[in-house]
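By convention in this document, chain letters (A, B, ...) are assigned in the order of the sequence lines, proteins followed by strands, and residues within each chain are numbered from 1.
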Number of protein chains: 2
Amino acid sequence: MDERFRLDNQLCFRLYTASRLITQAYHPLLSEYGLTYPQYLVLLVLWEKDGQPVNDIAKRLLLETNTVTPLLKRMEAEGIVTRSKGREDARQIIVKLTRKGRGLQEKLLNVPETVARGILCDRVTPETIPGLYGMLDDIIGKLKGD
Amino acid sequence: MDERFRLDNQLCFRLYTASRLITQAYHPLLSEYGLTYPQYLVLLVLWEKDGQPVNDIAKRLLLETNTVTPLLKRMEAEGIVTRSKGREDARQIIVKLTRKGRGLQEKLLNVPETVARGILCDRVTPETIPGLYGMLDDIIGKLKGD
DNA sequence: TGTGTTTATATCGTTCACGATGCAAATTTA
DNA sequence: TAAATTTGCATCGTGAACGATATAAACACA
């Protein structure tokens, strides 16, 4: 068996698995309010700055518009956001939070901490997390390539 | 703006993004042989040990059988694996590599290194990667909870 | 002004993920 | 051994991801 093909040597498999498992950890907390994890990410973006065009949201999340557009339509159908043509640029669709979308923020106040608590362990502590962030940011920066 | 909701403070978002970007880095290398990234993971598992039941493959990848079953069927349709009823336990489906499936290994020999090279940077080096592995393994171990 | 190009978003098709559920073989237990 | 339970795999439905492509508005420039 070639050592380089060992599953346990693959950084990618660890990232892929950790990402999936953390998303699963969010699931019960979010589904209570009819949200998925990517929809929660959109909310994070809009809570930071309301009324953004689709493209800005997609860029912030490093996703393509063909992923974000259907996602936003589902959120519109749920009454969480509105989508309206841009005033100065008619190509843009401006996404705004509804009252319901803004209101979700206080209902989800405990979510970040709850998930964070579920992750902390021997080698992942408030002291080591910045280092982990740094490495992941390096990888992301290298791969997004722009 | 509540600090705990800042996108940049979310570990999950970094893992999710890093995972997606690395998968994208694999894409051109794998699609040349008609493979997807999850299918490549299945190959890694079978190259380590051929002739495993669906359940063992799913457990190794921490996926559910309802994800792995259709994936294996597509790989069977591509002539990469065979699926046959288990001898001693008729509920099991034993997955075996075909000659083509085994042959893919030498064609993909350079893949792990190519992807690894694309990731190495300031804070991600042969010296720091073991620490990164350890933290991710801790997170995975904590979340898979068994 | 007209024509070509870029930009913003959307549509389509395929492949994951995964919760919920179904089914048949194996196992346990009464 | 019959009945209940567990196990292994599959089906179904929904929601991402994303490559390829389409469409219309904005822009550049001849």
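- Each of Gln24(B) and Glu78(A) was matched to the nucleotide of DNA chain D holding its nearest heavy atom; the match closer to the 5' end belongs to Glu78(A).
- For Thr69(B), no side-chain nitrogen or oxygen approaches OP1 or OP2 of dC9(D) to under 4.0 Å.
- Contact check, Gln39(B) against dC16(C): a side-chain N or O comes under 4.0 Å of OP1 or OP2.
- Counting any heavy atom pair closer than 4.0 Å across all strands shown, Lys59(B) reaches no nucleic acid atom.
- Straight-line distance from the CG atom of Leu71(A) to the P atom of dT9(C): 15 Å, rounded to whole Å.
- Distance from the side chain of Pro38(A) is smallest for dA16(D) among the nucleotides dA25(C), dG8(D), dA16(D).
- Mapping Glu88(A) and Thr36(A) onto DNA chain D by nearest heavy atom places Thr36(A) at the nucleotide closer to the 5' end.
- The existence of a salt bridge linking Lys142(B) and Asp122(A) is excluded, since no basic side-chain nitrogen approaches an acidic carboxylate oxygen closer than 4.0 Å.
- Rounded to an integer number of Å, the gap from Arg20(B) CZ to dC16(C) P is 17 Å.
- In this structure the side chain of Tyr40(A) never reaches within 4.5 angstrom of the side chain of Leu29(A), judged on heavy atoms.
- Nearest to the side-chain atoms of His27(A) among the listed nucleotides dT9(C), dG19(C), dA26(C) stands dG19(C).
- Ile93(A) has its CD1 atom 12 Å from the P atom of dA25(D), to the nearest Å.
- Side-chain atoms of Tyr16(B) lie closest to dA17(D) of the nucleotides dA17(D), dC16(C), dG19(C).
- Look at CE on Met75(A): it is 16 Å from C1' on dT14(D), rounded to the nearest Å.
- Residue Arg74(A) has a polar side-chain atom (N or O) positioned under 4.0 Å from OP1 or OP2 of dA16(D).
- Ile57(A) has its CD1 atom 15 Å from the C1' atom of dA10(C), to the nearest Å.
- Residue Gly118(A) comes nearest to Leu143(B) through the heavy atom pair O-CD2, 3.8 Å, listed as atom of the first residue, atom of the second, then distance.
- Of the possible donor and acceptor atoms, none in the side chain of Lys96(A) sits under 3.5 Å from a partner among the backbone N and O of Ser84(A).
- Look at CG on Leu30(A): it is 11 Å from P on dA16(D), rounded to the nearest Å.
- For Asp138(B) (side chain) and Arg123(A) (main-chain N/O), a donor-acceptor pair under 3.5 Å exists by modelled atom type.
- Whole-Å rounding puts the Glu64(A) CD to dA22(D) P distance at 18 Å.
- Looking at heavy atoms from C-beta onward, Thr128(A) lies out of side-chain contact with Leu132(A) at the 4.5 angstrom threshold.
- For Leu63(A), counting side-chain heavy atoms from C-beta on, the closest listed nucleotide (dT9(C), dC18(D), dC16(C)) is dC18(D).
- A close approach under 4.0 Å does not occur between any side-chain nitrogen or oxygen of Tyr37(B) and OP1 or OP2 of dA17(D).
- A donor-acceptor contact under 3.5 Å links the side chain of Arg91(A) to the base of dT7(C).
- Closest to the side chain of Arg83(B), out of dA10(D), dA26(D), dT9(C), is dA10(D).
- Residue contacts shown for Pro70(B) are absent, as no nucleic acid heavy atom lies under 4.0 Å away.
- Asn66(A) comes within 4.0 angstrom of a base, heavy atoms only.
- Distances shown here put every side-chain N or O of Lys73(A) at or beyond 4.0 Å from the OP1 or OP2 atom of dT9(C).
- When heavy atoms are screened at a 4.0 angstrom cut-off, Lys85(B) is found touching no nucleic acid atom at all.
- Each of dC16(C), dT9(C), dA17(D) was ranked by its minimum atom distance to the side chain of Thr67(A); first place goes to dA17(D).
- Between the CG atom of Leu15(A) and the P atom of dA17(C) there is a distance of 14 Å, rounded to whole Å.
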